[in-house]
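One structure below.
No hydrogens, no waters, no symmetry mates; every other heavy atom, side chains included, goes into these values. First the proteins, then the strands, lettered A, B, ... as listed; each starts at 1.
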2 protein chains.
Amino acid sequence: MSTVQSIERAFAILQVVAAHPDGVGVTAVSQQVEMHKSTVSRLLATLEGVGAVARLPESNLFRIGPSLLSLISQVPFHQQLIALASPFLHQLTAQIGEDSGLCVPDGDQVLQIDQVRGQQQIQVRNWIGERYPLHSSVAGKLFLAFFAEERRERYLRERPLIRYASQTYTDPDQLRPHLLAIRQHGYSWVLDEFADGLAGLAVPIFDSNNQIVAAVTIYGPSFRFPGDNRAAVLSLALDAGRKMTDLLRQSNR
Amino acid sequence: MSTVQSIERAFAILQVVAAHPDGVGVTAVSQQVEMHKSTVSRLLATLEGVGAVARLPESNLFRIGPSLLSLISQVPFHQQLIALASPFLHQLTAQIGEDSGLCVPDGDQVLQIDQVRGQQQIQVRNWIGERYPLHSSVAGKLFLAFFAEERRERYLRERPLIRYASQTYTDPDQLRPHLLAIRQHGYSWVLDEFADGLAGLAVPIFDSNNQIVAAVTIYGPSFRFPGDNRAAVLSLALDAGRKMTDLLRQSNR
DNA sequence: CAAAACTGTTTCATAATGTGGGACAAACAT
DNA sequence: ATGTTTGTCCCACATTATGAAACAGTTTTG
């Protein structure tokens, strides 16, 4: 599989330019990417031509240009989330060995928008694109817990808490304190609630207004998950969630 | 000035990929950019390698990848705004002939973060990087008008309305109804308030929470600006402001 | 105020690099 | 089963990118 060098070089240059918000010059870039001045000059001129970088006025320093922003502005938010989360999900799955996933609230349901498969012989099925109720899923309970009280109560009032498995919460008065605990702990877990034998963990991703926008989830069969290293799994997941929140906030203001 | 073709091609491909949120295949891309399948395949493979595009799971369709997002997530919000606004400012200046600018609120002041020069022999000076008070500048009055009441009143209460020019508002009781009018009209204008002989116009840019985040401004000497085509100038500016608001909302959710 | 050290751009010979025709395999539709 | 699409691979060809060095502008230094 052959690749195109100049493109790889261009992106290496973009990385460097992006890392210098106040602008970088040709020479500085050429040193960091270990390429010759003239090459960097040509590549930067090309990138400027396509709008990927722009020159600071009254100087010849480069910064990231408008075309990259307009490129991603065409991309729907879900997809941006998926892209943002992708490396973290892969890392989580690599570290923990179980499937990880990404869910967003979708009205009164949860929508699974991504899932990274582990290598286990026994694993959960593929849920990408599927919707499930808020009260019986890891991510759903997390969303309920972090929604504003009014939205949470409206759900508990209007939606019957249908039983999906042996441990599903079907009584609002039992679910409420559980949600409070989830909110206090900052993560959510399930065991035999959505399906018997299925265990899961979910941590939140917040936007710049502290609204919950998505959940990172980890699932596995309950005989194996979370296992002995429960604390380690939890801290890995929480850490990933925090990092994604930070990233999202940076990109959204 | 020579440019690197493969990079230009890569970005043409990225444009197409970005325009298809649900994924595009090699053949479809090759038709739209009018390049051969094998070339597109190679370029896309390279772009995938650097993370600029990613394959949809269980298919060979491409969508925009995580690296572009992480690139721009390193870019501070001001700079993103500048990049977002840049094409609009240039267009406005080209259409109207006067300097256009971009301002953000910065505490109790206005910060000018960008300015596009026109070709006039008599023109305003360069304000990039400068700060000025809220009550005597076009953008500042716009911010005051669209701030929450509490923040507006605190400013009017705590800050003396210093006179900068003959028509500066120095009495809060006269400024208040003026701000109300600005809010109702959706734009702000100024004449001999910041400096004698200086006229200006400002339109708002809002974020997804309807908070005002920036102002697009147009300045000129009052003997020439806004001139006969006042209505046309205004509608051009308002239109640009609306488009930038839309873009910002798209990229922020 | 000139010399020195830096900047970024340009030129140009060289060959390395990217190109596209076509063959190939794999998936899908008929 | 055949036919039609998909994406990838191979390879000869020359177009295309490359880097050394020279150049032209700026800023720093003495």
*Test: B:Asp239 and B:Lys243 ion pair at under 4.0 Å*: yes
Nucleotides 13-17 of chain C: which of its N/O atoms have a protein N/O under 3.5 Å away?
from   : atom 1 : to     : atom 2 : distance (Å)
C:dT17 : O3'    : A:Gln5 : OE1    : 3.1

Less than 3.5 Å apart, which donor and acceptor atoms pair up between the side chains of residues 83-91 of chain B and the rest of the protein, not counting sequence neighbours?
from    : atom 1 : to      : atom 2 : distance (Å)
B:His90 : ND1    : B:Ser86 : O      : 3.0

*Side-chain touch B:Val104/B:Val213, heavy atoms, less than 4.5 angstrom*: no
*Pick the P atom in C:dG8 and in C:dA4, then give their distance to the nearest Å.*
22 Å
_B:Thr217 side chain vs B:Leu201 backbone, donor-acceptor pair below 3.5 Å_ = no
*Provide the distance between the two C1' atoms, one in C:dT17 and one in C:dA13, to the nearest whole Å.*
16 Å
*Check the distance between C:dT19's C1' and B:Ile13's CD1 and give it to me in whole angstrom.*
13 Å
Polar atom pairs (N or O), protein with nucleotides 5-9 of chain C, under 3.5 Å:
from  : atom 1 : to      : atom 2 : distance (Å)
C:dG8 : OP1    : A:Val26 : N      : 2.7
C:dG8 : OP2    : A:Thr27 : N      : 2.9
C:dG8 : OP2    : A:Thr27 : OG1    : 2.2
C:dG8 : N7     : A:Lys37 : NZ     : 3.2
C:dG8 : O6     : A:Lys37 : NZ     : 3.1
C:dT9 : OP1    : A:Arg55 : NH1    : 2.9
C:dT9 : OP1    : A:Arg55 : NH2    : 2.7
C:dT9 : OP2    : A:Ser41 : OG     : 2.8

*Could you tell me the separation between the CD atom of B:Glu8 and the C1' atom of D:dT15, rounded to a whole number of Å?*
15 Å
*Any side-chain heavy-atom pair from A:Ile113 and A:Ile128 closer than 4.5 angstrom?*
no
*Are the charged groups of A:Arg117 and A:Glu98 less than 4.0 angstrom apart, N to O?*
no
*For residues B:Gln115 and B:Leu102, determine if any side-chain heavy atom of one lies less than 4.5 Å from a side-chain heavy atom of the other.*
no
*Measure the shortest side-chain to side-chain distance between A:Lys141 and A:Leu134 over non-hydrogen atoms and say whether it is less than 4.5 angstrom.*
no
*Gap in Å between the two P atoms, one belonging to D:dT5 and one to D:dC9, rounded*: 22 Å
